[in-house]
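Accompanying notes for the structure given below.
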Amino acid sequence: MVYTVAIDGPSGSGKSTIASKLAARLGLVHIDTGAMYRAVTVYALENNIDPKNEEAVSASLKDIDITQTPDGRTFLNGKDVSKDIRTTLASSNVSYVSIYKDVRAFLVELQRKMAKSISVVMDGRDIGTVVLPEANVKIYQVASVEKRAERRYKENQEKGIPCTYEDCLENLKKRDYIDSHREVSPLRPADDAIILDTSDLSIDEVVDECEKIIRNKVNI
Ligand code: DC
């Protein structure tokens, strides 16, 4: 059967890692919507467009084509930008870009198209509330900001991305604030979402929990 799983939650709650593992386990296509907001940000940064300039960023959308491959890579106008979207510069500018109405409308439409007629697990901030309100399963992951900063710091260390724990903590606090206070599609759980606190769980434990929730809701 065709079914959709929405995973939402704040930055650094491990959504993308979990969604990607779930996709492999259950044979779903993983769509990482955060990567798409990041790709629009990278386009602006690479083309001397100020990410704080809403008009200029919105006008650039007509020149942007974003695709994702099943192995988790993100392409911007045919170029693999999987690494560029994770830099500190992209991370600190993406919250500006993701509040713009036109950017959201553009990406929501693309995300809905990508999820049409196939079984997907899509992760982001507004998947259960806006993008796929009819999703069969909605999971909202939470974890303390300190725990998320610790994870982000470790992840960056492993990838050789320079930053301190304090940088990660500040960046996450700032993004939490912007994401939950913005006018369009603020970060919040859907009324019918299941809240999953991952603070004290390992990645595999979270994947196990999500699989249980999905199997409970969907006949697979
Ligand atoms: O999940 P992430 O950290 O890669 O997301 C990057 C940014 O994109 C984050 O600051 C919020 C924004 N975002 C959003 O507004 N809506 C989504 N569906 C996904 C991400």
Side-chain angles (χ1 to χ4, degrees), residues 4-20 30-45 51-52 54 57-58 61 64 66 68 72-74 76 81-115 120-133 135 138-143 145 147-149 151-153 155-156 159 161 163 167-190 193 198:
T4 48
V5 179
I7 301 187
D8 290 300
S11 302
S13 56
K15 299 175 306 279
S16 294
T17 311
I18 304 302
S20 148
H30 173 212
I31 301 170
D32 175 353
T33 64
M36 297 164 83
Y37 287 92
R38 288 169 178 271
V40 173
T41 308
V42 165
Y43 183 86
L45 293 170
K52 292 184 183 155
E54 177 169 4
V57 173
S58 302
L61 294 171
I64 295 181
I66 298 167
Q68 284 184 350
R73 286 178 299 153
T74 301
L76 170 63
V81 289
S82 310
K83 283 221 172 85
D84 313 68
I85 61 174
R86 305 285 162 201
T87 63
T88 308
L89 186 64
S91 297
S92 49
N93 280 288
V94 66
S95 279
Y96 301 113
V97 170
S98 60
I99 63 175
Y100 303 147
K101 196 166 67 24
D102 289 351
V103 171
R104 301 206 71 85
F106 172 75
L107 291 181
V108 167
E109 195 191 336
L110 185 58
Q111 289 153 11
R112 287 187 181 143
K113 263 192 210 147
M114 287 167 124
V120 299
V121 51
M122 189 181 283
D123 78 275
R125 306 290 187 289
D126 57 343
I127 311 308
T129 50
V130 175
V131 183
L132 303 173
K138 296 180 186 178
I139 298 169
Y140 190 87
Q141 284 187 10
V142 292
V145 70
K147 198 83 197 187
R148 286 183 283 131
R151 288 179 188 158
R152 183 57 51 90
Y153 175 63
E155 198 180 293
N156 284 353
K159 288 183 185 159
I161 299 171
C163 74
D167 287 342
C168 296
L169 187 64
E170 274 323 297
N171 181 267
L172 285 173
K173 280 186 179 168
K174 195 170 146 203
R175 283 207 285 156
D176 280 357
Y177 185 85
I178 299 177
D179 291 348
S180 43
H181 286 80
R182 67 179 177 223
E183 218 170 283
V184 193
S185 307
L187 172 67
R188 66 168 182 84
T198 70

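Numbering of residues begins at 1 and proceeds along the displayed sequence. First listed ligand is number 1; within each ligand, the first listed atom is number 1.
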For this session: Take every heavy atom of M36, measure it against each atom of ligand 1, and state whether any distance is under 4.0 Å.
Result: no
Exercise. Under 4.0 Å from any heavy atom of S95, which atoms of ligand 1 are there?
Worked result: 10 (O)
For this session: Please could you name the atoms of ligand 1 that S98 approaches to less than 4.0 Å, counting only its heavy atoms?
Result: 12 (C), 15 (O)
Problem set entry | Y96 side chain reached by E54 side chain, heavy atoms, under 4.5 Å | no
Exercise. Heavy atoms, side chains only, cut-off 4.5 Å: are V108 and D126 in contact?
Worked result: yes
Problem set entry | Interfacing atoms of ligand 1 (cut-off 4.0 Å, heavy-atom, G124) | 18 (N), 19 (C)
Exercise. Under a heavy-atom criterion of less than 4.0 Å, does Q111 contact ligand 1?
Worked result: no
Problem set entry | Donor-acceptor contact below 3.5 Å, side chain Q141 vs main chain T198 | no
Exercise. If only atom types and distance count, is the side chain of R112 paired as donor or acceptor with the main-chain N or O of L132 below 3.5 Å?
Worked result: no
Exercise. Between K159 and E155, is the closest basic N to carboxylate O distance under 4.0 Å?
Worked result: yes
Problem set entry | Test item: I66 and L110 side chains (from C-beta on) under 4.5 Å apart, heavy atoms | yes
For this session: Look at atom 16 (N) of ligand 1 and say which protein heavy atom is nearest, naming residue and atom and giving the distance to 0.1 Å.
Result: R104 NH2, 3.0 Å
Problem set entry | Location of contacts on D179 toward ligand 1, heavy atoms closer than 4.0 Å | side chain
Exercise. Can you find an N/O atom of Y37 closer than 3.5 Å to an N/O atom of ligand 1?
Worked result: no
Problem set entry | Contact (N/O only, under 3.5 Å) between D32 and ligand 1 | no
For this session: If you have a sec, work out which protein heavy atom is nearest atom 19 (C) of ligand 1 and how many Å separate them, to one decimal?
Result: T33 OG1, 3.3 Å
For this session: Please report which non-hydrogen protein atom sits nearest to atom 1 (O) of ligand 1, along with the residue it belongs to and the distance in Å to one decimal place.
Result: R125 NH1, 3.0 Å
Exercise. Between R148 and R151, is there a donor-acceptor pair closer than 3.5 Å when you use the side chain of the first and the backbone of the second?
Worked result: no
Exercise. Has the side chain of K15 got a donor or acceptor atom that lies under 3.5 Å from a matching backbone atom of P10?
Worked result: yes
Exercise. If you measure from each heavy atom of K174 to ligand 1, is any distance below 4.0 Å?
Worked result: no
Problem set entry | Residue, atom name and distance, where the atom is the protein heavy atom closest to atom 4 (O) of ligand 1 | R38 NE, 2.7 Å
Exercise. Any Lys/Arg nitrogen of E109 or K113 sitting under 4.0 Å from an Asp/Glu carboxylate oxygen of the other?
Worked result: yes
For this session: Would you mind running through ligand 1 and noting each atom that sits below 4.0 Å from a heavy atom of R86?
Result: 4 (O)
Exercise. Hey, does the side chain of K138 reach the backbone of P133 with a donor-acceptor pair shorter than 3.5 angstrom?
Worked result: yes
For this session: Could you pull out all residues at least two apart from D84 that satisfy side-chain hydrogen bond (donor to acceptor under 3.5 Å, both in side chains)?
Result: none
Seminar exercise, completed: In this structure, atom 18 (N) of ligand 1 is nearest to the protein heavy atom D126 OD1, 2.8 Å
For this session: May I ask you to identify, for R152, whether its side chain, its backbone, both or neither come under 4.0 Å of ligand 1 on a heavy-atom basis?
Result: neither
For this session: Could you find the nearest protein heavy atom to atom 10 (O) of ligand 1 and give me its residue, atom name and distance?
Result: R175 NH1, 3.2 Å
